[in-house]
Chemist: 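Pasting a structure below so you can have a look.
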Amino acid sequence: MVWNTMILSQYVIVCRLVGHHLPEPARTAMTRHYRVTVTPEGGWGLHQESGPSPYCTALAHIALRLLGNRRDDPLGARSAAWLRSRPGGARAVPTWGKLWLAFAGLHDYRAVNPLPPELFLLPPRLPFHPDRLYCHTRTIYQAMAYLYGIRFSGDLGRSLTGELRDDLFGGEHQPPFRAQRRLLGTDAAAPPRRVLRAAFDALALYEHRPPCRTRERALARCLDRVTHEQEATRDLGLSPVSSLLNVLVLYASGAGPAAVDRALKALDHWRWADPERGIRYAGARTQTWDTAFAVEALLAHRPDGHTDAALRRACAYLRHAQVTEDVPRPEVTARAPAAGGWCVSDPGHRWPVSDCTAEAVTALLHTGSLLPGAPLPDGQRLRRATAFLLHRQNRDGGFGSYEPRRGSRLLEAANPAEMFSHCMVEDSYTECTGSALVALAELGRLEGRAHREAVTAAVRSGARFLLRTQRRDGSWRAAWGVNRIYGTLFAVRGLRAAGAPPGHPRLARAAHWLESVQRADGGWGEHHRGCTEDRYVEHPESQPVTTAWALLALLQITGPGTACVRQGVQWLCDRQTTDGSWRQEAVTGVFFGTAMLDYRRYADYFPLWALGAHLAALGRTG
């Protein structure tokens, strides 16, 4: 899954701060990635379709110098010039960026919005305790709070530090610290509200003289949480974003070279390299997610059974990818039960997710019903998968992702990240709910009477959630994909699995909406801007993945015979390349509300799935 250069930049910075030497071939390959991703303006964007981001550009500029690039290299000279041309320069990066600049010894902590570790000493029953936050958010902030609490500041060397400060900030007059904290540039998608700004001002006063013993207890609490996360995930961390921070925490706490080296080595799990684009770090590995959908694509149409061997191998992978044990001492970091679920990637870091679990189970059970002898989990493992999914259902009937929702949506108003939205609490998601209903409908047929009743109740509640959250125009909002077409596909899948007939009025409304946004060339295309604007925004060009999503939804409602479906199928056929693939040119995923993602395998299996489903609906087997 492709995001941006942020993680690569942070990796390079961490290596320098902990004294890890990068070999010359790696430095060359990393520099190559910056050269092929630089924007025409001379910066680096938050995703492949965006213009330069002050946050990504500032970190990339630092990383390039640490990789050995000269100050007068055109790549660095242009990025420095672009940053200085922005109002506020690098001082206007969001708080996450200010923190990273402070870690590197380039920024004063007094100009960073406070993140006191004492927040983790609050009574857990409080509605704003950090354990009520979304798991990605709390794992990031427990590490940031430790580093902020000790005012960790690395040493890049006097000469380089001086040059970087001049590059990033120029000779401008330094504003007061309070003004710098509030200085926000173009990355600020969710600026702090007045109440949060007042809270930051109050915490800044507290930070002048925090009680020593309380600070020590708070730092110990954060360090215990970080080390527990490292142990529970075998040093992988929940994501490379949090694991890089964990490496700095281990180093700063005096954990020792062996522990730091082990944690740094584990980051190779997220490394991605090829000759064309060099070395970078993926936002996530997506083996389970991709494999489950690839299985569905191959099952949709199996000419002459020549895909059976691949299906058996894929099912063997999925069967062994299930998490079978819970982490020890889950109360340290308020971990939800993990046993029975599937992770986005593999079971290594033991952070399973509801929709990945649901899609893996569905793929396995669908294969088992169509392919005799396919390797499937035993009954006990399937029952644990059922329990895992049921645990992720919220009171409103919808399903969370990693956990059920723990905190009020009002906590979103206390979002300190500034560059992300919808990142503070778990929620009920259209996609997770749709996937869970498909899986639970299959699992319910295998359960005993007592469990079947619980599954049936969960499916009914989930279907009511989907019906209640349909937009007036017939679409559904998505949280993890771009955007209304993606959400509508998963809602349609879920409602059909829950027993809604194709002629259900709500499904008919969804079909009408999908047909209304079909482009004149027969395809569909949706722009990522709709994620931040909470509406449907048409992309200037039709896209194969978006077209496949629309077709997969319509085939479950209107069938294969409508003009819209025929035109969409023809569009996909006309755009298939000679090697059998499709070329996707727009981002397809989203995270934290504003972080646009490129799932590289979507263009391989979603169009194939749509065409196979169309042939199956026509009754063709060859």
Side-chain angles (χ1 to χ4, degrees), residues 288 291-300 302 308 311-312 314-324 337 339-342 352-393 397-399 431-467 489-504 507 552-553 555-557 609 612-613 616-617:
T288 294
T291 302
F293 285 132
V295 166
E296 294 288 2
L298 293 174
L299 285 174
R302 294 164 53 214
D308 291 358
L311 287 166
R312 287 192 174 92
C315 285
Y317 174 84
L318 289 175
R319 182 183 63 180
H320 291 298
Q322 186 178 18
V323 177
T324 57
W342 273 261
V353 194
S354 65
D355 53 354
C356 297
T357 299
E359 296 299 345
V361 167
T362 300
L364 286 165
L365 295 181
H366 282 175
T367 306
S369 66
L370 296 172
L371 186 62
L376 301 179
D378 59 29
Q380 182 179 2
R381 286 196 173 197
L382 290 175
R383 283 191 293 275
R384 298 191 82 174
T386 303
F388 177 91
L389 287 172
L390 293 177
H391 181 269
R392 270 62 186 174
Q393 190 169 32
F399 285 74
E431 307 97 297
C432 294
T433 305
S435 293
L437 295 189
V438 174
L440 289 171
E442 297 285 344
L443 289 165
R445 301 184 183 98
L446 306 176
E447 293 286 356
R449 181 174 179 180
H451 290 110
R452 190 180 301 125
E453 290 176 356
V455 170
T456 300
V459 170
R460 287 201 194 103
S461 181
R464 287 195 294 269
F465 168 82
L466 291 177
L467 293 173
L489 165 62
F490 282 85
V492 168
R493 290 178 72 218
L495 289 172
R496 292 286 287 118
H504 191 286
L507 293 179
L552 284 167
L555 284 167
Q556 295 202 54
I557 307 172
W609 187 0

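Only heavy atoms go into these numbers, but all of them, side chains included; no hydrogens, no water, no symmetry mates.
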Chemist: Please examine the side chains of Leu364 and Trp342, heavy atoms only from C-beta on, and report whether any two atoms are closer than 4.5 Å.
Modeler: yes
Chemist: Rounded at 0.5 Å granularity, tell me how far CG in Leu311 sits from CG in Leu298.
Modeler: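 Reported to 0.5 Å precision, the distance equals 5.0 Å.
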Chemist: Minimum heavy-atom separation for Ser435 to Ala358, with atom names?
Modeler: O-CB, 3.2 Å
Chemist: Considering non-hydrogen atoms only, spot the tightest contact between Gly444 and Arg452 and give its length.
Modeler: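 That closest heavy-atom pairing would be O-NE, 3.2 Å.
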Chemist: What verdict does the side-chain contact (heavy atoms from CB on, under 4.5 Å) test give for Phe388 and Val361, after you've listed the backbone C-alpha separation in whole Å, the side-chain angles of each residue and the deciding distance to 0.1 Å?
Modeler: CA-CA 12 Å; Phe388 177 91; Val361 167; over 6 Å; no
Chemist: Does Glu442 use its side chain to pair, donor to acceptor, with the backbone of Leu365 at less than 3.5 Å?
Modeler: no
Chemist: With sequence neighbours excluded, what pairs up with Ala294 under the side chain to side chain contact (heavy atoms under 4.5 Å, CB included) test?
Modeler: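 Result, side chain to side chain contact (heavy atoms under 4.5 Å, CB included) vs Ala294: Tyr605.
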Chemist: Taking only residues two or more places apart in sequence, or in another chain, which ones meet Ala300 in a side chain to side chain contact (heavy atoms under 4.5 Å, CB included)?
Modeler: Trp609
Chemist: Measuring from atom CG of Asp308 to atom CG of Leu299, what distance do you get when rounded to the nearest 0.5 angstrom?
Modeler: 9.0 Å
Chemist: Could you list the donor-acceptor pairs under 3.5 angstrom formed by side chains in residues 367-377, with sequence neighbours left out?
Modeler:
residue	atom	partner	partner atom	Å
Thr367	OG1	Ala363	O	2.7
Ser369	OG	His366	O	2.8

Chemist: What side-chain donor-acceptor pairs closer than 3.5 Å can you find for residues 490-504, not counting sequence neighbours?
Modeler:
residue	atom	partner	partner atom	Å
Arg493	NH1	Glu359	OE2	2.8
Arg493	NH2	Glu359	OE1	3.3
Arg496	NE	Gln556	O	3.0
Arg496	NH1	Ala500	O	2.8
His504	ND1	Arg506	N	3.0

Chemist: Please report the shortest heavy-atom distance between Leu437 and Gly462, naming the atom on each side.
Modeler: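 Scanning both residues completely, I find the closest heavy atoms to be CD1-C, 3.8 Å.
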Chemist: Which value, rounded to the nearest 0.5 Å, describes the distance between Leu443 atom CG and Arg383 atom CZ?
Modeler: 11.5 Å
Chemist: Decide yes or no for Val353 and Thr288: does some side-chain heavy atom of the first lie under 4.5 Å from some side-chain heavy atom of the second?
Modeler: no
Chemist: Taking Arg384 for its side chain and Thr324 for its backbone only, find out whether a donor-acceptor pair lies under 3.5 Å.
Modeler: yes
Chemist: Atom CD1 of Ile557 and atom CG of Leu552: how far apart are they, to the nearest 0.5 Å?
Modeler: 11.0 Å
Chemist: Which heavy atom in Leu489 sits nearest to a heavy atom in Ala553, and how many Å separate them?
Modeler: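 Between these two residues, the closest heavy atoms are CD1-N, 3.7 Å.
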Chemist: Kindly give the heavy-atom pair with the smallest separation between Val295 and Ala314, and that separation in Å.
Modeler: CG2-CB, 3.6 Å
Chemist: Among all residues two or more places apart in sequence or in another chain, which pass the salt bridge (Lys or Arg N to Asp or Glu O under 4.0 Å) test with Glu296?
Modeler: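 Partners of Glu296 under the salt bridge (Lys or Arg N to Asp or Glu O under 4.0 Å) test: none.
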Chemist: Sequence neighbours left out, what passes side chain to side chain contact (heavy atoms under 4.5 Å, CB included) with Ser354? Give chain and number order.
Modeler: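 Partners of Ser354 by the side chain to side chain contact (heavy atoms under 4.5 Å, CB included) criterion, ordered by chain and then number, come out as Leu389, Arg392, Cys432.
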